[in-house]
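One-based numbering along the sequence shown. Quick note: numbers below take in every heavy atom, side chains included, and nothing from hydrogens, waters or symmetry partners.
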Amino acid sequence: VLQFSGRFLRRRPGCDCSLLRWQSARQEFEAMGTARSSPSLLHQHPTGWHFLHGLPTPEQLQLHRSLCSQCRQPLSESTDVIRQLNEMWRAVFDCPPPPIPDPRWQRLGFQGSDPRTDVRGAEAFGLRSMSEVVRRHRSTLGTVAVAEADEPDFLFAAAVLNCYAVAVVHLDLAPHLVSPVAQAKAQDSRGLATFLRVCQSEGEVFALQELLAAVVRKMHCEWQRLRSSEQCVTLSRFGEILAKVAVCVEYLLANSNVASTEDFDRIMDIEATRSTVMCNSVARIAARLMRCGRAPDLSSGRDLSELV
């Protein structure tokens with residue numbers, strides 16, 4: 001047990017090492033059997049070790065399961081869907097909404113006259129989150145001004161839907177959704193724990209909606225930066241913006257300094273460059289090596305070649 005603790009115990013800020021009871025640790029160690037030959041299995045054990053490695057606790061994983069079940073609730077043809085869409089319209093335009101279907105819904109950024117077709121992939125929770133974010137953050141969302149313009153730069157509703165997909169795919173909340181960013185992957189356990197710690201203190205629904213608001217603000221900021229630096233920017237470049245936003249979300253979830261939803265915008269206020277992607281990748285590789293029981297040796301490139 002002492003040899004095991006010497007290899008795996010890492011002092012972390014806020015970690016009380018007295019939480020580890022040596023007698024129970026020995027019993028767990030012996031009960032796992034194959035743990036001697038496969039040290040990484042210890043990290044999958046549901047008790048104790050999350051305190052030492054920053055992995056999600058059972059309580060945090062319960063919050064994740066709760067979010068997953070809400071994100072998968074089907075979008076029914078009920079009056080609640082109409083109500084959420086009408087609230088989104090009022091939050092943006094401050095006037096009575098048109099009936100459904102109606103071509104005027106394209107002014108809000110939907111692709112057709114029936115907005116229910118566009119939001120079907122986000123399901124009921126995605127639509128409710130979009131409506132709540134637009135209502136709550138109307139004054140800070142630059143995309144609202146885009147929707148209000150006579151000739152908008154991009155489709156407001158479609159952009160928010162894409163931002164929602166980026167967020168929930170990174171958090172592994174909706175397997176039915178396909179990320180608009182190619183090769184986007186869900187966060188590992190440590191990145192997931194970063195978000196779930198905020199969920200535990202502020203509520204999982206509120207935390208996800210605040211993350212969506214931060215992602216939308218970052219998307220609009222990157223779009224404005226692109227338009228100010230280049231001329232004749234068209235919607236064909238929007239995929240590049242979403243790719244940069246995805247990098248910033250990954251950087252946010254890999255950051256151990258996230259303490260509340262108020263940190264989302266501050267930490268995501270970075271320039272999404274190749275160096276940022278490299279930092280994220282190296283951090284993930286280092287974490288995987290630590291879970292294998294050894295410190296990363298990046299000087300020779302051997303560990304990189306093994307794991308990339």
Side-chain angles (χ1 to χ4, degrees), residues 12-14 50-51 54-73 84 87-88 91 119 121-141 143 159-177 179 181 184-221 242 245-270 280 283:
R12 300 174 58 86
H50 45 262
F51 289 111
L55 302 181
T57 65
E59 293 79 10
Q60 291 170 350
L61 291 176
Q62 181 61 37
L63 294 177
H64 186 263
R65 285 191 288 268
S66 173
L67 272 178
C68 285
S69 62
Q70 294 184 67
C71 290
R72 298 172 188 176
Q73 291 177 358
Q84 297 290 349
E87 287 183 0
M88 189 187 306
V119 301
E123 303 294 2
F125 182 78
L127 174 60
R128 188 165 64 251
S129 297
M130 287 175 55
S131 176
E132 182 66 21
V133 164
V134 173
R135 184 187 61 82
R136 189 190 305 159
H137 297 280
R138 186 185 189 282
S139 60
T140 61
L141 288 180
T143 46
V160 178
L161 280 168
N162 279 304
C163 289
Y164 174 78
V166 168
V168 297
V169 168
H170 270 80
L171 295 172
D172 196 19
L173 293 174
H176 64 279
L177 269 182
S179 174
V181 179
K185 297 179 180 179
Q187 284 291 310
D188 60 12
S189 298
R190 291 171 185 261
L192 194 59
T194 299
F195 175 75
L196 293 177
R197 281 196 299 270
V198 179
C199 292
Q200 205 167 18
S201 60
E202 301 188 33
E204 65 272 22
V205 174
F206 177 79
L208 181 57
Q209 291 175 351
E210 290 299 297
L211 177 61
L212 174 59
V215 171
V216 173
R217 281 192 288 265
K218 182 62 178 178
M219 178 271 297
H220 184 252
C221 179
L242 290 175
V245 170
V247 170
C248 294
V249 173
E250 184 178 351
Y251 179 80
L252 168 70
L253 298 177
N255 196 305
S256 60
N257 296 321
V258 179
S260 68
T261 55
E262 296 178 356
D263 296 326
F264 289 168
D265 287 293
R266 177 181 58 81
I267 295 178
M268 288 179 63
D269 187 20
I270 60 170
N280 291 342

The reported gap from CZ in F195 to CG in L208 (rounded to nearest 0.5 angstrom) is 5.0 Å
Once you round to the nearest 0.5 Å, how far does SG of C248 lie from CD1 of I267? 11.5 Å
Evaluate the ring planes of F125 and Y164, with Trp represented by its six-membered ring, and classify them as parallel (under 30°), tilted (30 to 60°) or perpendicular (over 60°). tilted
Could you pull out the closest heavy-atom pair between L177 and A165, with the gap in Å? CD1-CA, 4.2 Å
Could you measure the distance from the NE2 atom of H170 to the CG atom of L253? Nearest 0.5 Å is fine. 7.0 Å
V169 vs V181, test: side chain to side chain contact (heavy atoms under 4.5 Å, CB included). Steps then yes/no. CA-CA 10 Å; V169 168; V181 179; over 6 Å; no
Between R65 and Q62: side-chain donor-acceptor atoms closer than 3.5 Å: yes
Between D263 and R266, is there a salt bridge with N-O shorter than 4.0 Å? yes
Distance (rounded to the nearest 0.5 Å) between S179 OG and L242 CG: 8.0 Å
Do L171 and L67 come close enough that some side-chain heavy atom pair is under 4.5 Å? no
Closest non-hydrogen contact found for P56 with L196 is CB-CD1, 4.1 Å
Please test H137 against E210 for side chain to side chain contact (heavy atoms under 4.5 Å, CB included), starting from the C-alpha separation and ending with a verdict. CA-CA 9 Å; H137 297 280; E210 290 299 297; 2.8 Å; yes
Report yes if some heavy atom in the side chain of E123 is under 4.5 Å from a heavy atom in the side chain of R72; otherwise report no. no
CD of E132 to CG of L127: how many Å apart, nearest 0.5 Å? 11.5 Å
Applying side chain to side chain contact (heavy atoms under 4.5 Å, CB included), run through T261 and V198 and close with a yes or a no. CA-CA 7 Å; T261 55; V198 179; 3.6 Å; yes
Taking atom CD as the centre, does Q73 end up with more than 12 heavy-atom neighbours from other residues, nucleotides or ligands that are less than 6.0 angstrom away? yes
Nearest 0.5 Å please: distance from the CE atom of M88 over to the CE atom of M130. 4.0 Å
Can you give me the closest heavy-atom contact between C71 and H176, atom names plus distance? O-CE1, 3.6 Å
Taking S69 for the side chain and S66 for the main chain, is one N or O donor matched with an acceptor at less than 3.5 Å? yes
Could you walk me through whether M268 and V215 satisfy the side chain to side chain contact (heavy atoms under 4.5 Å, CB included) test, starting with their C-alpha distance in whole Å, then the side-chain angles of each, then the deciding distance to 0.1 Å, before giving a yes or no? CA-CA 8 Å; M268 288 179 63; V215 171; 4.2 Å; yes
Here the pair of heavy atoms bringing N257 nearest to N255 is N-OD1, 2.8 Å
So which heavy atom on S201 is nearest to which on A259, and how close? OG-O, 4.5 Å
Taking the side chain as every heavy atom from C-beta outward, state whether R217 and F264 have any atom pair closer than 4.5 Å. no
Expected output: side-chain S129 to main-chain Q209 donor-acceptor under 3.5 Å: no
